[in-house]
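Since the structure comes first, as structure tokens, the remarks are kept for the end.
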Amino acid sequence: MKAIILAGGSGTRLYPVTVAVNKHFLPIYNKPMIYYPLSLVMLMGIKDVLFIVNPEDLDDFKKLFEDGSKLGMNISYKIQEKPNGLAEGLVLAEKFIGDDNICYMLGDNVFFGHDLIKIMQEAKEDIERNGGAYVFGYAVKDPERFGVVEFDENGNVLSLEEKPKKPKSHYAVVGMYFYDNKAIEIAKNVKPSDRGELEITSVNEEYLRREKLKVKLLGRGFAWFDAGTHDSFLEAGEFVATIENKTGLMIGCIEEIAYKNSWITREQLLELAKPLRKTEYGKYLIEVAEGEE
């Protein structure tokens, strides 16, 4: 399985902050927003990642991650000329994906939970065995504001509704999707919506029509933030700060994950920590390397 992280878009929900800077570089507490979805991909053991970015942001992404080798990864980039919708990312990634299955993440969603990686791995393994697609549902008190998923006791999706007046469940569909390789061809046949975009919901609806769409629930004990709004951005930062200050352990620390995955050596980790040594982040990496975390 390969991963696509959609990090383009215009960031209009965070204006005026994002007039001059891509939202994915904004700090969720002590690290860029984009670190959080990347860290989940890494925790799943996926080394091959494609960032889909705006033309004007390509150099900044390359400055941040280069080719991924410093993390023991293979990181590529693809330009999305205009914000034409999430489903277009699947089409743009066709050459990168090849014959593999797909983990598709939105760059502005932050997740946290004890069994999160286990749940993601279960979806990944099911797709590798049986094909199909997975969405992930998160319980919200105001489902009428979101895309809502209805499902049976076996996790099979029965319906998807966008901002329904009478929601059939309290589970919102979050910015994380797993697909088999057929998603690329499905995305190619998606027609633009009324707002002129290729909607990821259309891809999911086609899997639903084929009875190949399942849902994994992120219930009690999980946190999800769509950090693309001012309030949620602030909440995400406060949440990460609280967890890290209480536990002394970092969320979304990509260098630590690369080291724990044995993708880089202790010496390489210390080398990555050097330019950061005056920060708490850098000091943390040094502690990890010295086994004192």
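Along the sequence shown, the residues carry numbers beginning at 1.
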CE of M250 to CD1 of I257, rounded to nearest 0.5 Å, is 11.5 Å
Distance-minimising heavy-atom pair for L6 and L86:
CD2-CD2, 2.9 Å
For F146, all residues meeting ring pair (Phe, Tyr, Trp, His ring centres under 6.0 Å), sequence neighbours excluded:
W224
Where L270 and A289 come nearest, the two heavy atoms and their spacing:
CD2-CB, 3.6 Å
With no hydrogens and no angle check, do the side chains of S69 and D67 hold a donor and an acceptor under 3.5 Å apart?
yes
Run the side-chain contact (heavy atoms from CB on, under 4.5 Å) test against P83 and tell me which residues pass, sequence neighbours left out.
none
Joining Ile, Leu, Val, Met, Phe, Trp and Tyr whenever any side-chain heavy atoms lie under 4.5 Å apart, the cluster holding V19 also takes in Y15
Minimum heavy-atom distance between S169 and V149, given as atom pair plus value:
OG-O, 2.5 Å
Do R13 and K23 touch side chain to side chain, with heavy atoms closer than 4.5 Å?
yes
Would you list the pairs meeting salt bridge (charged side-chain N to carboxylate O under 4.0 Å, His left out) in which at least one residue belongs to residues 37-59, sequence neighbours left out?
none
For N189 and E206, does a side-chain donor sit closer than 3.5 Å to a side-chain acceptor?
no
So which residues get pulled into L234's cluster when ILVMFWY side chains under 4.5 Å apart are joined, directly or through others?
none
Between N154 (side chain) and N156 (backbone), is there a donor-acceptor pair under 3.5 Å?
no
Under the rule for ring pair (Phe, Tyr, Trp, His ring centres under 6.0 Å), what residues qualify as partners of Y177, not counting sequence neighbours?
none
Would you please indicate if the ring centroids of F111 and F136 are separated by under 6.0 Å?
no
Testing I34, V41, L40 one by one against P37 for a side-chain contact (heavy atoms from CB on, under 4.5 Å), which residue passes?
I34
For E199, enumerate each residue passing the salt bridge (Lys or Arg N to Asp or Glu O under 4.0 Å) test, keeping only those at least two apart in sequence or located in another chain.
R195
Is there a side-chain contact between V17 and H230 (heavy atoms, below 4.5 Å)?
yes
With Y207 via ring pair (Phe, Tyr, Trp, His ring centres under 6.0 Å) - residues at least two apart
Y179
Find out whether I97 and L90 are in side-chain contact, i.e. whether some heavy atom of one side chain is under 4.5 Å from a heavy atom of the other.
no
According to ring pair (Phe, Tyr, Trp, His ring centres under 6.0 Å), who are the partners of F61, at least two apart in sequence or on a separate chain?
F25, F51
Considering all heavy atoms of both residues, which atom of L198 and which atom of K191 are nearest to each other, and what is their separation?
CD2-C, 4.0 Å
Cation over ring face, K78 and F96, 6.0 Å, 45°:
no
So do the side chains of E144 and K165 get within less than 4.5 Å of each other, counting heavy atoms only?
no
Do D108 and M33 touch side chain to side chain, with heavy atoms closer than 4.5 Å?
yes
So do M176 and M120 actually touch side chain to side chain, heavy atoms under 4.5 Å?
yes
With sequence neighbours left out, write down each residue that passes side-chain contact (heavy atoms from CB on, under 4.5 Å) with K283, or none if nothing qualifies.
E280
Where Y36 and G252 come nearest, the two heavy atoms and their spacing
CD2-CA, 4.3 Å
Listed partners of L272 passing side-chain contact (heavy atoms from CB on, under 4.5 Å), at least two apart
K70, L71, E255, I264
Sequence neighbours excluded, which residues qualify as side-chain contact (heavy atoms from CB on, under 4.5 Å) partners of D126?
R129, N130, Y134, K214
